[in-house]
Amino acid sequence: MFDKAKALEIFEKLYGKGEVRIFFAPGRVNLIGEHIDYNGGYVFPAALELGNYVLVRAREDNTVNLAADDLPGTLASCRLDELETKRGKEWGAYQFGVLDELLKLGIKLCGMDMLFSSTLPFGAGLSSSASIEVVTAYAALKLAGAELSMTEVALLTQRAENNFVGVNCGIMDQFACANGKAGHGMLLDCATVSCQQIPLNLDGYTIVVGNTNKKRGLADSKYNERRCECERGLEMIRTRCTELKNLCELTEDDLAEYDGLLTDETVKARVTHVVSENARVIESVLLLKNGDIPGFGKLLNASHLSLRDLYEVTGRELDAMTEIARAYPGCVGSRMTGAGFGGCTVSIVENSAVEGFIAHVSAEYEKATGLRGDLYASNASDGPVELC
Ligand code: GLA
């Protein structure tokens with residue numbers, strides 16, 4: 001939980017007394033639609049109650065100081081005209097990259113003292129980075145008295161991560177952190193970056209997020225490898241279908257027709273995941289509209305199996321936690337969420353079974369893997385806000 005009094009005390013110790021503004025941006029859980037944002041597909045994430053807070057005060061000069069409430073001292077410092085020197089993956093690059101993008105858009109920023117406080121597990125597939133980026137953009141815009149749409153915020157923070165930090169992510173995470181709506185999932189068309197807010201009428205069911213506490217080792221390199229494999233698949237199909245812009249324009253029937261063009265078995269498996277996952281997202285939203293939660297759960301299970309067998313981004317811990325979850329009466333579906341290779345799972349569980357489910361899955365997961373699992377019921381929440 002965010003401890004406002006403690007955070008204010010740390011802020012004052014670091015930066016002195018005076019007016020402080022506090023902003024929040026959520027993390028996200030992706031309900032379904034994995035590894036298809038960068039293939040122009042549909043994804044269906046929801047914003048979480050957990051996220052990143054930033055305490056901030058404008059400075060007279062153009063220096064930006066960054067600190068975190070769980071680490072001592074000021075961690076990074078840079079003048080706004082020297083941001084280029086901060087490129088890379090060091091702590092602070094995410095925030096500086098966002099400020100750099102805002103300046104490129106002509107926004108007149110001021111120097112700032114900032115203190116970050118997170119309630120999200122770091123690197124666990126719940127978009128801790130995107131949440132930091134979005135809260136930085138949101139706070140900097142408010143201090144500058146400037147306005148941008150939340151879609152622009154999503155796009156500029158994605159550019160910061162792609163170009164400044166050097167992580168080749170898609171648009172889903174930044175979009176979801178910037179555009180959350182309580183009680184809704186976001187059906188985001190990643191080809192056009194347009195979104196429909198879909199009411200999550202999970203009558204009688206709860207979303208349970210489970211952290212495997214398995215760090216996402218190799219995640220960056222394997223993520224880039226998967227992106228390249230998809231690009232190869234696209235090139236192969238384009239030899240006949242020259243107009244094709246991205247893989248998610250294909251239906252499952254199209255894929256059957258072009259099957260012979262996919263001459264590499266690995267590439268074929270990746271493309272099959274992408275096309276079938278996109279169809280599952282669309283079907284999920286229809287099922288939810290009809291109140292068919294068990295049907296939606298089955299699609300979550302199918303998504304996980306496809307990510308395990310065709311896309312190969314799960315691993316022992318994610319497989320163990322979801323298998324244990326699925327076998328529990330009252331759990332209608334369970335899958336990995338986020339990039340994979342460790343991180344979190346998402347399950348849909350009958351309300352009356354949630355307590356027993358959490359206790360059972362935690363215990364059995366620890367027996368199976370030797371790792372503690374952290375599971376908690378989650379609600380779909382709003383996007384960025386300023387706290388009073
Ligand atoms: C990470 C990326 C997203 C998306 C997911 C996989 O979270 O940041 O853009 O590709 O992996 O669905």
Side-chain angles (χ1 to χ4, degrees), residues 25-48 51 89 94 97-98 120-134 151 154-180 185-191 193 195 209 211-212 215-231 246-248 270 273-278 280-281 284 299-300 303-304 306-308 310-315 318 335-346:
R28 67 95 189 93
V29 57
N30 188 21
L31 297 170
I32 194 160
E34 216 64 85
H35 283 279
I36 57 172
D37 59 346
Y38 51 84
N39 287 302
Y42 283 99
V43 294
F44 191 50
L48 292 169
K89 293 197 173 62
Y94 293 85
V98 168
L120 267 180
F122 186 72
L126 300 179
S127 292
S128 45
S129 312
S131 164
I132 287 187
E133 289 154 4
V134 169
T151 300
L155 289 166
L156 82 90
T157 50
Q158 183 202 17
R159 284 199 299 277
E161 185 149 345
N162 290 167
N163 305 331
F164 201 94
V165 183
V167 175
N168 204 12
C169 62
I171 185 63
M172 172 172 72
D173 300 349
Q174 287 79 7
F175 191 95
C177 296
N179 290 281
M186 290 160 264
L187 177 63
L188 172 64
D189 177 347
C190 299
V193 194
C195 165
V209 172
N211 187 355
T212 62
K215 287 285 163 227
R216 295 183 304 148
L218 287 181
D220 284 359
S221 60
K222 291 280 179 197
Y223 186 88
N224 287 338
E225 193 179 290
R226 293 295 175 277
R227 288 196 70 146
C228 290
E229 287 159 348
C230 289
E231 269 156 37
N246 56 58
L247 288 176
C248 286
R270 308 300 190 233
H273 163 74
V274 167
V275 174
S276 63
E277 182 76 353
N278 198 39
R280 278 188 288 273
V281 178
S284 291
L299 293 176
L300 261 61
S303 168
H304 186 89
S306 179
L307 289 156
R308 184 189 73 186
L310 299 175
Y311 217 68
E312 297 182 278
V313 290
T314 60
L318 288 166
R335 61 181 288 273
M336 57 154 271
T337 184
F341 308 105
C344 283
T345 66
V346 55

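Whatever order the structure lists them in is the order used to number ligands and atoms, beginning at 1.
Considering all non-hydrogen atoms of both residues, G170 and Q158 come closest at C-NE2, 3.1 Å.
Taking every non-hydrogen atom of D173 and a distance limit under 4.0 Å, the qualifying atoms of ligand 1 come out as 1 (C), 2 (C), 3 (C), 7 (O), 8 (O). For ligand 1, the atoms closer than 4.0 angstrom to any heavy atom of M172 are 4 (C), 5 (C), 12 (O). Those atoms of ligand 1 with a heavy atom of Y38 less than 4.0 angstrom away are 10 (O). Listed by atom number, the atoms of ligand 1 under 4.0 Å from D37 heavy atoms are 3 (C), 4 (C), 9 (O), 10 (O).
Here the protein heavy atom with the shortest distance to atom 10 (O) of ligand 1 is Y223 OH, 2.6 Å.
Using bins of under 30°, 30° to 60° and over 60° for the plane-to-plane angle, the ring pair Y38/Y223 lands in the perpendicular bin.
A donor-acceptor pair under 3.5 Å is formed between the side chain of N179 and the backbone N or O of F175. The backbone N or O of G33 sits less than 3.5 Å from a side-chain atom of E277, completing a donor-acceptor pair. Between the side chain of N162 and the main chain of V167, a donor-acceptor pair closer than 3.5 Å is present.
Residue R28 has at least one nitrogen or oxygen atom sitting less than 3.5 Å from a nitrogen or oxygen atom of ligand 1, judged on distance alone. Inclusion of E34 in the set of residues having an N or O under 3.5 Å from an N or O of ligand 1 is warranted. At least one N or O atom of G170 sits closer than 3.5 Å to an N or O atom of ligand 1.
Judged by the shortest distance from any of its heavy atoms, Q174 lies outside the 4.0 Å radius around the atoms of ligand 1.
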Q: Go through the steps for E34 and R335 under the test salt bridge (charged side-chain N to carboxylate O under 4.0 Å, His left out), then give the verdict.
A: CA-CA 10 Å; E34 216 64 85; R335 61 181 288 273; 2.7 Å; yes

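With no hydrogens or angles considered, a side-chain donor-acceptor pair links S276 and R280 at under 3.5 Å.
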